[in-house]
There are 2 protein chains.
Amino acid sequence: MAIAKNQDIKLAVDAIVFGYNQNELQVLLVKQKFGEMANKWVLPGGFINNDEPLKDAVIRELNEEAGIRVDYLEQLYTYGDNVHRDPRGRVVSVAYYALVDPSQFNITAGSDAKDAKWFPLLKVPKTGYDHNKMIQYASTRLSDKIQYQPIGFELLADKFPFSDLENLYITILGKQIDRRNFRKKVLASEILIETNEFASNVVGRPGKLYQFDKSRYYELAKSGWQLDLKFL
Amino acid sequence: MAIAKNQDIKLAVDAIVFGYNQNELQVLLVKQKFGEMANKWVLPGGFINNDEPLKDAVIRELNEEAGIRVDYLEQLYTYGDNVHRDPRGRVVSVAYYALVDPSQFNITAGSDAKDAKWFPLLKVPKTGYDHNKMIQYASTRLSDKIQYQPIGFELLADKFPFSDLENLYITILGKQIDRRNFRKKVLASEILIETNEFASNVVGRPGKLYQFDKSRYYELAKSGWQLDLKFL
DNA sequence: TCAAAAGTGTTGAGTTTACACCCATGC
DNA sequence: GCATGGGTGTAAACTCAACACTTTTGA
């Protein structure tokens, strides 16, 4: 098997970046400035440099196109079965999904992008390429995964009231969850640290703030334990 | 974002093909004939043709290198963070894993391969490239996935005695499972069709043969139901 | 004092585990 | 008739779902 001299396939990365804000799950899109997709909303992404690890390419593109640095990044799927998915030629794209607390950033359109904006997941416009499909798949992965991995915390502030976590799960899973049962289950897992602080500037009684205990989680995970936050 | 003119990255696929035989999980490896990896055992795989969907490339390579046609094929992960994973230059590889009933095939070394052979998972030799890592990851995925997707059947004959299914789970999960509880759980899911046939040429009492009811499963899955075969 | 959201326990139903003996077949 | 593996039921422990009132705060 000689190294494929005649292969002419370009390799790109795309990122589905999720943010959570006020009971809404959001996706980051950028408006293309140039090319066939000019003025279309697409996922941030782009071609990989020859000596660049895939993950670095995603991080670079997110920074270049939207001025954002994500907390959690995971490979999702590689789109390469449809040979015409990019009108410019054969492009295979490795899609990643990322989670970020959007209150930490002001997103800014970069050099390649005319605009960069959060869209509520339910109001994502028709995008260029096969990016709607990617967003769809990433959403499914996210709602599956928060039920057995502690990734929801990446969407929240470092310290958060219990109700934020609960509303996040209600939003992502799209169903009501009993408050008492939710609290019981999460607390039983012992992956939260209770602080002595309380939410400020809120309507109603301020909730006590909690933190995700990452090192405790790794310890538990090492011995085979797994989060289990399934409901109903 | 112009189409990357100077990009020089090759794209390949690799397949981790699992077979199950007599209480042993096996992996298919081929011995390289040419190049830097000559005489090394590696996963079947190779470069993608310009106008070829990724999945087709895997199917083609499996046929060319080992004369095998798989029943179940799923994308696993794309290896492209280590830019030196292939000594010939920058190669990004999309890994797939596949499940097959090995009794259906006589594997045959193809044109690019000196040899093709099943290795018990626990006795896989040191392979070329990063293929041991791929096998490791695929094994983890397999044992996770058989607990909530009916993919185990792909490793068995069309009609199988209950004990085959049970031993498959014991082998893949690496733990003992109570026979009565296993049977109860599987039968409760109603995804098996009981035939009137019995195992033949066996020692001891022949077990009744069952079939996986694929259409029944799809029906159940459509309404949100999920297999749940976790134990202990 | 009112509105808004936080905090808190118990019970019944259902599920999961643990466990041992008899049955059918081939030699 | 013996060795081998197949087939079967039940009780106790545990887990999950359902459910409503009191507390704290700011306006």
Side-chain angles (χ1 to χ4, degrees), chain A residues 20-24 147-148 156-157 159-171 173-190 192-211 220 224-232, chain B residues 20-24 147-148 156-157 159-171 173 175-211 220 224-232:
Chain A
Y20 174 74
N21 208 346
Q22 292 171 283
N23 298 347
E24 234 178 13
Q147 297 181 60
Y148 59 93
L156 300 177
K159 295 174 183 178
F160 52 87
F162 227 101
S163 54
D164 273 16
L165 186 63
E166 189 193 323
N167 286 322
L168 175 68
Y169 272 79
I170 291 174
T171 303
L173 299 180
K175 59 181 155 196
Q176 282 313 309
I177 300 174
D178 181 90
R179 201 177 344 145
R180 280 174 284 194
N181 293 339
F182 182 79
R183 180 180 278 258
K184 226 181 303 172
K185 237 182 179 171
V186 175
L187 288 178
S189 71
E190 300 190 313
L192 288 192
I193 299 166
E194 187 177 341
T195 72
N196 291 315
E197 297 162 61
F198 289 83
S200 48
N201 295 100
V202 292
V203 182
R205 174 174 171 179
K208 192 168 252 197
L209 299 183
Y210 290 80
Q211 269 184 301
L220 289 166
W225 178 84
Q226 214 178 266
L227 184 64
D228 180 22
L229 292 178
K230 301 204 190 69
F231 296 93
L232 188 67
Chain B
Y20 174 73
N21 207 349
Q22 291 170 285
N23 298 347
E24 234 178 13
Q147 298 181 60
Y148 58 93
L156 300 177
K159 295 173 183 178
F160 53 86
F162 228 101
S163 54
D164 273 16
L165 187 64
E166 189 192 324
N167 286 322
L168 175 69
Y169 272 78
I170 291 174
T171 303
L173 299 180
K175 59 180 155 199
Q176 283 312 310
I177 300 174
D178 181 89
R179 201 179 343 146
R180 281 174 283 193
N181 293 340
F182 182 81
R183 180 180 278 260
K184 227 180 305 173
K185 235 178 178 173
V186 175
L187 288 178
S189 73
E190 300 190 312
I191 56 169
L192 288 192
I193 299 165
E194 186 176 343
T195 72
N196 292 317
E197 298 163 61
F198 289 83
S200 49
N201 295 101
V202 291
V203 184
R205 174 175 171 180
K208 191 167 251 197
L209 300 182
Y210 290 81
Q211 270 184 302
L220 289 167
W225 178 85
Q226 212 178 267
L227 183 65
D228 180 21
L229 293 177
K230 301 203 190 67
F231 296 93
L232 188 65

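Just so we're on the same page: letters track the sequence lines, and every chain starts at 1.
Between A:Arg180 and the phosphate of C:dG9, there is no side-chain N or O to OP1/OP2 separation shorter than 4.0 Å. A close approach under 4.0 Å does not occur between any side-chain nitrogen or oxygen of A:Ser163 and OP1 or OP2 of C:dA5.
One interatomic measurement links the two molecules: CG of A:Asn23 to C1' of C:dA5, which rounds to 13 Å at whole-angstrom precision. What separates CZ of A:Phe182 from C1' of C:dG9 is a distance of 19 Å, to the nearest Å. Straight-line distance from the CG atom of B:Asn201 to the P atom of C:dG26: 9 Å, rounded to whole Å. The distance from atom CD of A:Glu194 to atom P of C:dG7 is 9 Å, rounded to the nearest whole Å. Between A:Glu197 atom CD and C:dA6 atom C1' the separation is 17 Å, expressed in whole Å. If you measure from atom CG of A:Asn167 to atom P of C:dA4, you get 16 Å, rounded to the nearest angstrom. Separating the CG atom of A:Leu209 from the P atom of C:dA6 is a distance of 12 Å, rounded to the nearest angstrom.
Only one option out of A:Tyr169, A:Tyr210, A:Phe198 pairs with A:Phe162 in a ring pair (Phe, Tyr, Trp, His ring centres under 6.0 Å); it is A:Tyr210. Partner B:Phe231 forms a side-chain contact (heavy atoms from CB on, under 4.5 Å) with one of B:Ile177, B:Asp178, B:Ile170 and no other, that one being B:Ile177. Of the listed residues (A:Ile193, A:Thr195, A:Asp164), just one forms a side-chain contact (heavy atoms from CB on, under 4.5 Å) with A:Leu209, and that residue is A:Thr195.
Here the closest heavy-atom approach between residue B:Leu220 and residue B:Ser189 is recorded as CD1-O, 3.7 Å. Shortest non-hydrogen contact noted between B:Ala199 and B:Pro206 is O-CB, 3.2 Å. For the pair B:Lys185 and B:Asp228, the tightest heavy-atom approach, listed with the atom from each and the gap, is CE-O, 3.6 Å.
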Identify each atom pair where a protein N or O and an N or O of nucleotides 13-16 of chain C are less than 3.5 Å apart, giving names and distance.
none

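With hydrogens and angles disregarded, no donor-acceptor distance shorter than 3.5 Å links the side chain of A:Lys230 to the backbone of A:Tyr148.
Of all nucleotides in DNA chain D having an atom under 4.0 Å from a heavy atom of chain A, the first and last in 5' to 3' order are D:dA17 to D:dT25.
Side-chain contact check for B:Trp225 versus B:Ile191: some heavy-atom pair is nearer than 4.5 Å. Between B:Leu232 and B:Gln176 the shortest side-chain heavy-atom distance does not fall below 4.5 Å.
Toward the 5' end of DNA chain D, the nearer of the two residues A:Arg179 and A:Pro206, judged by each one's closest nucleotide, is A:Arg179.
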